[in-house]
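Atoms considered below: every heavy atom in the structure, side chains included; atoms not considered: hydrogens, waters and symmetry mates.
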Amino acid sequence: MNRLSTPSLLPVWPLLRLSAAVLLGSVQLLAIATATPQSSLPQEELRGVLSRQPLKPPLRNADVLLRYSPDGRTLMVQNPSGVYLFSREPLALRAHLAAEEVYPARFSLDSQEISVIGHGLTLNREKLPGGPPLEQRELPSHDGCLDAELAPGAEFFACLTPELNLVIYRLSSNELIFSVSSDQMNSPNRIVYIPLDADIAFPGPFGFLLANNWDSMANKGKTFITMNFSPDGKLLLVRNEWEAFTVDLTTRRKTSLAGWLHKRLHASFALQNDERVLIASGEKEASPVIVSLKTGGIIGNPPFQADIVRLATNPRYALLSDVGSPGVRVFDLEQNRQLDPPNNLSIDIFGNEMAVLDERGSFFVYHVGEKLPFLAADLPLDSLPVLRAAAVTPTLDRIAFSVDGNSAAFQVATGECTYTGPRFSAADFSDQASAYLLLPRDRINPPRVLQVALASGKTTPAWSGGKDHLRSGGPVLLEYALEAPVRHRFRVIQQEDIPYRLRALDPATGKELWKREFFENSPVPFADPQGDRLVLGWNATSPHAASAAKRIPSVWEIFKHAKISKLDSYFEILDARSGKSVGGVLIQVGSGPASYDAAFSAGDALFLLKDGKRVAVYSLQNGRLEARLVGGIPTANAQNNLFAMEEGPGRLFIYDLATAAKLEQEFFPESIAYTHFSVDGNRLLVLTRHQVAYVLDLRSVRTARSFGPPPL
């Protein structure tokens, strides 16, 4: 699985995006013959269903790793939902390790076990091919890891600590066998930028906070440095911004690589063994090379281009991929030629066998060089992971959404797929004929927007440019750009004291719609990809918060008579298209605006989310708390004065937006991935985790059953 970092803004360290998912606590092995328990899911009970269509073919996550065991008798498919284990003879699914937020799993060298380590640093070992569990325990890195890698064979575990020390443990004994620190990275007066953007299709904060350390980024599963183990797990190659070195795990000795290799620090490395490394960069002026680790000399020039390279289980074959393009290509390092594999999401080769997983979830085994497979099986459709981006037309006739690695658009009425492409980070249906998709920056390209013709699925470039940090703001793209560097000499006093410029851009043209600059006591911005408002979260003691409150006379009356503390927040609501203030709420609970997971507004309501599940609804008219709820992030519509939220798997509740009174409940047979109101609020689109799209009629929702006053 590829763990790609965002481009660096700092002179000393790459910046990364926060994960939206909950850290892994354990890994659960499910025998395939056993169905998932349904007791936690409700029986379907829906009213006003206008349409119900499975999306076809469903979008499968392209962030997938396919791997043979060392003896070739077991095949592993790992994606964001967990690990599937197939026996090779016969080719059949044997077990599923339900494991989200984990590092790439590893087979033991004798092929009898599989090990998985979660981002929360829990180790799970299972007997192959389908259990029983052998071990589950916490790893010794008590402060967590900014980055980590489990070695092939699962004997060693490498961890970059928040203090920027690289430590390596022998897992069988928890013995620390190697540790190294970089003085360049460990300045006592360093200032670091902590990213806030959760990179999801739901409301959330974006931009940065300041800190003196990386502690808050521990156990997020992000890429800070590059670590490559040799196929036998005995040698580790490490690269950061300044150096590249190897660690021999048998002798526990560190060796710096040849000086000229430092020019390739941002390339992709694949260790062939303890003497040779294959390097590819994807840049035309830097051709792939095979380099001797002993002499630093070039000993091969394979003729291919690729952004990323790794070795198949049979190291004769290199697996090539490009940023933004799902699937891999195959290069034969012995015959020095590229093969022609089928279209795929992932490939591995053992001996003369090539296993291929395609975008429809079909699993095939070929003899290398042959066109027809001799074995086939199907991979079950996974539950959708957290959506990275999503958009729906105003009339709910089309939906587009993105997951790691790829994206698709569908007709809601028929479920038919009309477009597939690379992952996008924002989408806008500006009219009924086309959509505009924002493709994020990669190593080669700046952020760029594609125009997609909805009828044909054809794409044309619309515009490119903008800064690294572009976020969907509903009808606009929000560009966050750091201003002049902050010069703090010793410690960060205020986390929010970071100067930045905020611009709203037209998604179709990139034209600037409005701009605001914040040079001190800056607010935390909260975007809403579904709504038409932007929320700025100020520390209420800031004079800028008072200035913002004065823009709304009724709010200023509340603000000026309140006893303000340093933990209070003022949330200013702006119209996303014009940037003008349309409301505000003083919040005198909590611990500042940066402590909230999300803030968004619709109609007369402000929604605040904490701890991923606690939702508070405030009135813009009087600033009062209207309701406290527990569940998923709500979806709101000001036209029909409604909001909806999932409160338990598959349990969708409809509320009045003005009073927070519960109006209706709808029970789906599985968990919900996404919801969206039509522009008039009379219909609601619900996409389930297994990609069934429902459209519900809400025109009579206020004449349905009464559920009493809202909870407080």
Side-chain angles (χ1 to χ4, degrees), residues 1-2 4 53-66 77 79-81 199-201 307 321-329 341-347 356-364 378-393 397-430 432-440 442 445 447-462 472 507 673-674 676 685 687-693:
M1 301 174 73
N2 298 324
L4 301 178
Q53 285 290 344
L55 304 185
K56 45 187 183 283
L59 178 64
R60 289 184 179 264
N61 200 304
D63 185 16
V64 58
L65 173 67
L66 171 62
V77 177
N79 61 27
S81 77
D199 195 21
I200 56 175
D307 294 330
S321 57
D322 298 312
V323 174
S325 299
V328 299
R329 294 169 282 122
N343 292 332
N344 65 85
L345 291 179
S346 191
I347 286 177
V356 177
L357 178 68
D358 71 15
E359 63 182 8
R360 291 180 175 265
S362 299
F363 195 22
F364 301 105
D378 289 319
L379 187 72
L381 178 63
D382 292 301
S383 176
L384 272 171
V386 174
L387 300 185
R388 297 305 181 192
V392 182
T393 53
D397 61 323
R398 296 179 187 270
I399 181 174
F401 58 92
S402 175
V403 295
D404 287 332
N406 54 345
S407 66
F410 299 87
Q411 289 183 337
V412 173
T414 64
E416 295 296 328
C417 181
T418 58
Y419 164 82
T420 59
R423 170 187 165 184
F424 60 80
S425 56
D428 179 74
F429 286 105
S430 60
Q432 293 298 311
S434 61
Y436 292 90
L437 307 181
L438 172 67
L439 305 188
D442 57 41
N445 302 298
R448 56 209 185 279
V449 172
L450 297 180
Q451 182 178 7
V452 181
L454 297 179
S456 64
K458 293 183 179 180
T459 62
T460 54
S472 173
Y674 185 74
H676 191 94
L685 171 72
L687 177 66
T688 67
R689 288 287 179 187
H690 284 89
Q691 301 185 52
V692 178

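- L454 and F429 make their closest contact through CD2-CE2, 3.7 Å (heavy atoms, listed as atom of the first residue, atom of the second, distance).
- In this structure, S383 OG and N61 CG are separated by 11.0 Å, a value rounded to the nearest 0.5 Å.
- Taking the side chain as every heavy atom from C-beta outward, V449 and Y436 approach each other to under 4.5 Å.
- For S407 against P422, the heavy-atom pair with the smallest separation is OG-O, 2.7 Å.
- Within the 3.5 Å criterion, the main-chain N or O of F424 finds a donor-acceptor partner in the side chain of S402.
- The structure places CG of L685 at 8.0 Å from NE2 of H676, a figure rounded to the nearest 0.5 Å.
- Counting all heavy atoms, side chain and backbone alike, F410 lies closest to L59 at CZ-N, 4.2 Å.
- Distance check: L384 CG to Y674 OH gives 13.0 Å after rounding to the nearest 0.5 Å.
- In this structure, the side chain of Q411 does not engage the main chain of T418 through any donor-acceptor pair within 3.5 Å.
- A donor-acceptor pair is defined here as one N or O able to donate and one able to accept, closer than 3.5 Å; no such pair exists between the side chain of N344 and the backbone of G327.
- Under a 3.5 Å cut-off, the side chain of S346 and the backbone N or O of L66 do form a donor-acceptor pair.
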Going through the distances and angles, do V412 and T393 end up as a side-chain contact (heavy atoms from CB on, under 4.5 Å)? CA-CA 10 Å; V412 173; T393 53; over 6 Å; no

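- The main-chain N or O of V452 is never found under 3.5 Å from a side-chain atom of S434 such that the two would form a donor-acceptor pair.
- No hydrogens or angles considered: a donor-acceptor pair under 3.5 Å links the side chains of N79 and D382.
- More than 12 heavy atoms of other residues, nucleotides or ligands shown are found within 6.0 angstrom of CG on D378.
- Residues P341 and R329 share a closest heavy-atom pair of CG-CA, 4.4 Å.
- The neighbour count for K56 NZ, taken as heavy atoms of other residues, nucleotides or ligands under 6.0 Å away, is above 12.
- Here the shortest heavy-atom pairing between V356 and N343 reads CG1-O, 4.3 Å.
- The distance from atom CG of L437 to atom OG1 of T459, rounded to the nearest 0.5 Å, is 8.5 Å.
- In this structure the side chain of L438 never reaches within 4.5 angstrom of the side chain of S472, judged on heavy atoms.
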Stepwise, does the side-chain contact (heavy atoms from CB on, under 4.5 Å) test hold for V403 with L387? CA-CA 5 Å; V403 295; L387 300 185; 4.1 Å; yes

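- Remark: the backbone N or O of D199 is paired with a side-chain donor or acceptor of R388 at under 3.5 angstrom.
- Put simply, the side chain of D428 never gets that close to the backbone of P507: no donor and acceptor are under 3.5 Å apart.
- Under a 3.5 Å cut-off, the side chain of N406 and the backbone N or O of R60 do form a donor-acceptor pair.
- When all heavy atoms of V386 and R689 are compared, the pair lying nearest together is N-NH1, 4.2 Å.
- Taking the side chain as every heavy atom from C-beta outward, D404 and P385 never approach each other to under 4.5 Å.
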